[in-house]
2 protein chains.
Amino acid sequence: MKPLSHPRAEDINIYAVLHALAEPARMKIVQTLAAADGRPCGTFGINLSKSTLSAHFKVLREAGVIRQETGPGNARLNTLRRAELNARFPGLLDSVLQAVEESDPALASG
Amino acid sequence: MKPLSHPRAEDINIYAVLHALAEPARMKIVQTLAAADGRPCGTFGINLSKSTLSAHFKVLREAGVIRQETGPGNARLNTLRRAELNARFPGLLDSVLQAVEESDPALASG
DNA sequence: CCAGGTGTTCGCCAACCAGCGAACACTTGC
DNA sequence: GCAAGTGTTCGCTGGTTGGCGAACACCTGG
């Protein structure tokens with residue numbers, strides 16, 4: 001499987017990141033990764049079609065929020081670009097993740 | 001002038017806030033208010049039509065990011081809902097504002 | 001009362017976005 | 001080689017968004 005392209009850490013744009021996070025499905029992806037990195041795309045328990053899911057992963061990847069590497073078999077290994085995000089936007093990811101649990105507990109528990 | 005309605009602090013939604021902030025003109029408004037509260041809408045140095053500006057203020061207001069009160073004369077006094085945002089989403093606003101200066105310095109200096 | 005200044009609202013338009021299914025690509029395993 | 005499994009891409013659709021100008025509402029000052 002072709003490796004996908006990712007923005008460099010220093011090219012990560014705040015508007016792209018905020019836009020990527022301003023959507024419940026994508027937020028759930030991020031939140032799930034924050035709890036357990038390295039999952040393939042299909043393991044997020046989101047009730048959307050494959051194509052829609054793939055599009056959401058693409059938005060997150062192109063915003064620089066997640067990294068998608070070719071994993072074993074045909075899976076994509078998704079990881080949060082935690083350190084890079086923290087270096088560029090200190091505290092942002094953590095405060096957003098904390099905010100989600102405050103504002104959208106259903107998502108947090110589901 | 002009619003007073004405008006604002007969401008209660010506890011009803012502020014993280015997705016609405018992130019969406020509101022994921023736009024350079026609106027971000028500039030927030031950033032300007034962070035530096036100096038209480039300005040009328042026309043004093044933000046944004047090169048957009050009045051109607052577009054008004055729409056952006058509406059998005060920010062309905063998201064709970066800013067408060068718009070009827071000021072002296074016909075002006076709206078815009079203020080950041082800093083304390084309320086901080087209470088609900090601790091650290092979020094500050095990290096976003098800091099992130100903007102990192103990611104969009106042109107906006108910061110303009 | 002009328003003019004000037006500030007914002008809001010209303011159409012309108014082009015662009016974007018989230019959703020889907022179908023088809024394709026790629027790897028593993030039989 | 002072929003089926004199964006996982007993601008991606010493409011085309012399409014409906015809804016939302018951001019932009020504008022024009023018209024209106026409202027207050028202040030002549």
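Sequence lines set the chain letters: A, B, ... in the order given, protein chains first and strands last, and positions in each chain run from 1.
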> Roughly how many Å is it from CD in A/Glu69 to P in D/dG7, rounded to a whole number?
Replying inline: 14 Å
>> For residues A/Phe89 and A/Leu97: do they belong to one hydrophobic cluster (side chain heavy atoms under 4.5 Å, members Ile, Leu, Val, Met, Phe, Trp, Tyr)?
In response: yes
Atom pairs under 3.5 Å: protein N/O with N/O of nucleotides 27-30 of chain C:
from, atom 1, to, atom 2, distance (Å)
C/dT27, OP1, A/Met1, N, 2.7

> Of A/Leu18, A/Leu85, A/Leu21, which is the lone residue that meets side-chain contact (heavy atoms from CB on, under 4.5 Å) with A/Val96?
Replying inline: A/Leu21
>> Less than 4.5 Å apart, side chain to side chain, heavy atoms only: is that true for A/Glu102 and B/Pro90?
In response: no
> Between B/Arg82 and B/Asp94, is the closest basic N to carboxylate O distance under 4.0 Å?
Replying inline: yes
> How close or far is atom C1' of D/dT16 from atom CZ of B/Arg26, stated in whole angstroms?
Replying inline: 12 Å
> Can you tell me how far the CD1 atom of B/Ile14 sits from the CD atom of A/Gln98, to the nearest 0.5 Å?
Replying inline: 10.5 Å
>> Contact list please: residues 49-64 of chain B against DNA chain D, heavy atoms, distance less than 4.0 Å, in numerical order.
In response: B/Ser49, B/Ser51, B/Thr52, B/His56
>> Which residues pass the salt bridge (charged side-chain N to carboxylate O under 4.0 Å, His left out) test with B/Glu23, not counting sequence neighbours?
In response: none
> B/Gln68 CD to C/dT9 C1': how many Å, rounded?
Replying inline: 14 Å
> In whole angstroms, how far is the P atom of C/dG7 from the CZ atom of B/Arg39?
Replying inline: 12 Å
> What is the distance from CG of A/Leu4 to C1' of C/dA25, rounded to the nearest Å?
Replying inline: 13 Å
> Could you give the OH-to-C1' distance, from A/Tyr15 to D/dT17, as a whole number of Å?
Replying inline: 17 Å
> Applying the side-chain hydrogen bond (donor to acceptor under 3.5 Å, both in side chains) test to B/Gln68, which of B/Arg76, B/Lys58, B/Arg61 qualifies?
Replying inline: B/Arg61
> Between C/dC17 atom P and B/His19 atom NE2, what is the distance in whole Å?
Replying inline: 11 Å
> How close do A/Leu80 and A/Val65 get, heavy atom to heavy atom, and via which atoms?
Replying inline: CD2-O, 3.4 Å
> What's the spacing between B/Asn78 CG and B/Cys41 SG if we round to 0.5 Å?
Replying inline: 4.0 Å
> For A/Glu23 and B/Arg76, take the nucleotide of DNA chain C holding the closest heavy atom to each; which residue's nucleotide lies nearer the 5' end?
Replying inline: B/Arg76
>> I want to verify a distance call: between D/dT8, D/dG7, C/dG7, whose nearest atom is closest to the A/Ala75 side chain?
In response: D/dG7
